[in-house]
Amino acid sequence: VAEINKKNWQGFIGITGRVSSEYQFSVNKLYLYYFLYILFTGVFLANTFGITEKFIFYNFPTFDVHLQSTFLFSQFFYFIFLHELLKLEDVNIWRKYLLNYIFFISLFLTGIFILSLFKFGVAMKYSDFYTILNISVIVFSFSVLYSKVKRTIKIILAGSLVTVMGALVTILLSFINIYINNLIYFEVGIFIELLLFTIAINYTYSQEIIERQVGDNKNLILKLETIKKEKENLLLKRSIEDYARELTTKSFIIQEKETLLSNIICQLSEINKANNSEYNMKQITDSLRHNLTNTPWSEVEMHFNKVHPNFYSSLNQICSTITSNERKLCAFLKLNLTTKEIAILTGKSVNTIDVARSRFRKKIGLDNTENLQTFIANIG
């Protein structure tokens, strides 16, 4: 049992500390104003029950009497608390009126407090007027706001109305000179109000915890989705790199095929010139030449378009008069091939490729300070 009580106490301390750190000193100060309202109300109740007189300020009776004014301050903090609470609702006009009223009663309250230092009895009469004024504002606020606000504020307004009813009964009985236990109605009203306030605050706190957990879950889901997308992008990047390597490999294989076919064509042409047989070598050379000029490059372009689907359309926007040979040159440059490698693939000399590069630079108006390879790499 002792261990259980210890754990419960530690849990209470932990919750109290967390509430203080997370809410009492938060931006809206809602829980701080609620704490001050409870504090001054608690001191007032302790004074009315004679607790402060018997156990705390028994040597200072005058000071103990002045503690009756703590109720005036509790009303002041109630309105500040209500003003802050209404931030949760769309009642900005009423909040503005309430703020002006808080400014007014702060001046009135200051005057009552100063007067109580010299004429306590007179100050208490003014405090009754101050209380009646506050009661009127609370009742009016209840009638205006109850249908417009959410459950939390409805509970708080209901608790305030209960306290108001208790205060009205107490004041009326005092005016007709009935002094037998008048405060009991007001005290019961305050206790009911504090109970309802506690329920409302706990409800709000629970809602905030739930919203925070939902927010954390959303952030976690967002992070997981981001990680998933990053993995997908990485796989896509690797797939593109594999395609590019495959394309380059196929280009070299096709060039070897072209080179072989070129040599065969040359040899057959020589045989055709020297041979007068009935068999026509020209048909063979024409067939091989057709295979050489059409099929291989179309196969390369097919793979190239898979890797860079927007390259040719972007290239046409830059240069609408581009030739097929220039398109082929740009494709090789996009594959990050050197001039020597392009020369090998196309079966042309390095000098021919350099001249083709130079002409294309002039055609697209590329400045001498810009690198053609870098320019082509950024297209598409």
Side-chain angles (χ1 to χ4, degrees), residues 11 14-15 17-19 21-23 25-28 88 204-258 294-320 322 324-346 353 356-357 360-361 364 366-367 369-380:
I15 292 172
R18 187 166 66 253
V19 171
S21 61
E22 294 179 1
Y23 297 106
F25 301 102
S26 61
V27 176
N28 58 25
L88 305 174
T204 304
Y205 176 74
S206 300
Q207 291 296 110
E208 288 176 346
I209 292 296
I210 292 171
E211 289 174 2
R212 181 177 301 178
Q213 289 175 346
V214 170
D216 291 341
N217 290 337
K218 287 183 178 178
N219 290 334
L220 180 59
I221 292 172
L222 185 61
K223 287 180 180 179
L224 291 175
E225 288 179 350
T226 303
I227 293 171
K228 183 180 178 181
K229 287 181 180 179
E230 288 176 352
K231 288 183 177 179
E232 290 175 352
N233 291 335
L234 182 61
L235 291 174
L236 181 61
K237 183 179 178 182
R238 288 177 179 175
S239 178
I240 292 173
E241 289 174 352
D242 291 340
Y243 251 119
R245 282 193 293 270
E246 182 183 353
L247 179 59
T248 305
T249 303
K250 284 184 178 291
S251 298
F252 279 104
I253 293 172
I254 291 169
Q255 182 53 41
E256 289 180 1
K257 179 183 175 183
E258 284 195 351
N294 293 310
T295 306
W297 178 245
S298 64
E299 188 177 344
V300 173
E301 278 195 315
M302 181 184 69
H303 288 280
F304 182 84
N305 285 325
K306 288 182 179 179
V307 180
H308 307 289
N310 300 319
F311 178 73
Y312 282 137
S313 59
S314 300
L315 193 61
N316 288 332
Q317 291 178 1
I318 295 171
C319 181
S320 59
I322 189 169
S324 59
N325 287 332
E326 288 169 342
R327 280 163 55 92
K328 187 184 294 188
L329 172 64
C330 292
F332 285 128
L333 291 174
K334 183 67 175 178
L335 292 173
N336 201 29
L337 299 180
T338 64
T339 301
K340 185 176 180 180
E341 289 170 337
I342 296 172
I344 294 171
L345 284 172
T346 56
I353 301 303
R357 289 177 60 139
F360 186 69
R361 288 176 62 91
I364 61 176
L366 196 64
D367 191 84
T369 58
E370 294 184 74
N371 185 276
L372 179 61
Q373 190 102 23
T374 304
F375 178 80
I376 296 297
N378 292 327
I379 296 175

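For this chain, numbers begin at 1 and follow the sequence in order.
- Atoms CD1 and SG, on Ile379 and Cys319 in that order, are 10.0 Å from each other to the nearest 0.5 Å.
- Counting only distance, with no hydrogens or angles, the side chain of Arg361 and the backbone of Glu370 share a donor-acceptor pair below 3.5 Å.
- Contact check for Ile364 versus Phe375: side-chain heavy atoms found under the 4.5 Å cut-off.
- Rounding to the nearest 0.5 angstrom, the gap separating the NZ atom in Lys328 from the CD1 atom in Ile322 is 12.5 Å.
- To the nearest 0.5 Å, the span separating OG1 on Thr338 from CD on Gln373 amounts to 8.0 Å.
- Between atom CD1 of residue Ile318 and atom OG of residue Ser313 there is a gap of 10.0 Å, rounded to the nearest 0.5 Å.
- For the pair Leu236 and Glu232, the minimum side-chain heavy-atom distance is 4.5 Å or more.
- In plain terms, the two heavy atoms of Leu333 and Ile342 that are nearest each other are CD2-CD1, 3.9 Å.
- Distance check: Ile376 CD1 to Phe311 CZ gives 5.0 Å after rounding to the nearest 0.5 Å.
- Considering CG of Leu315 and NZ of Lys334, their distance stands at 10.0 Å, rounded to 0.5 Å.
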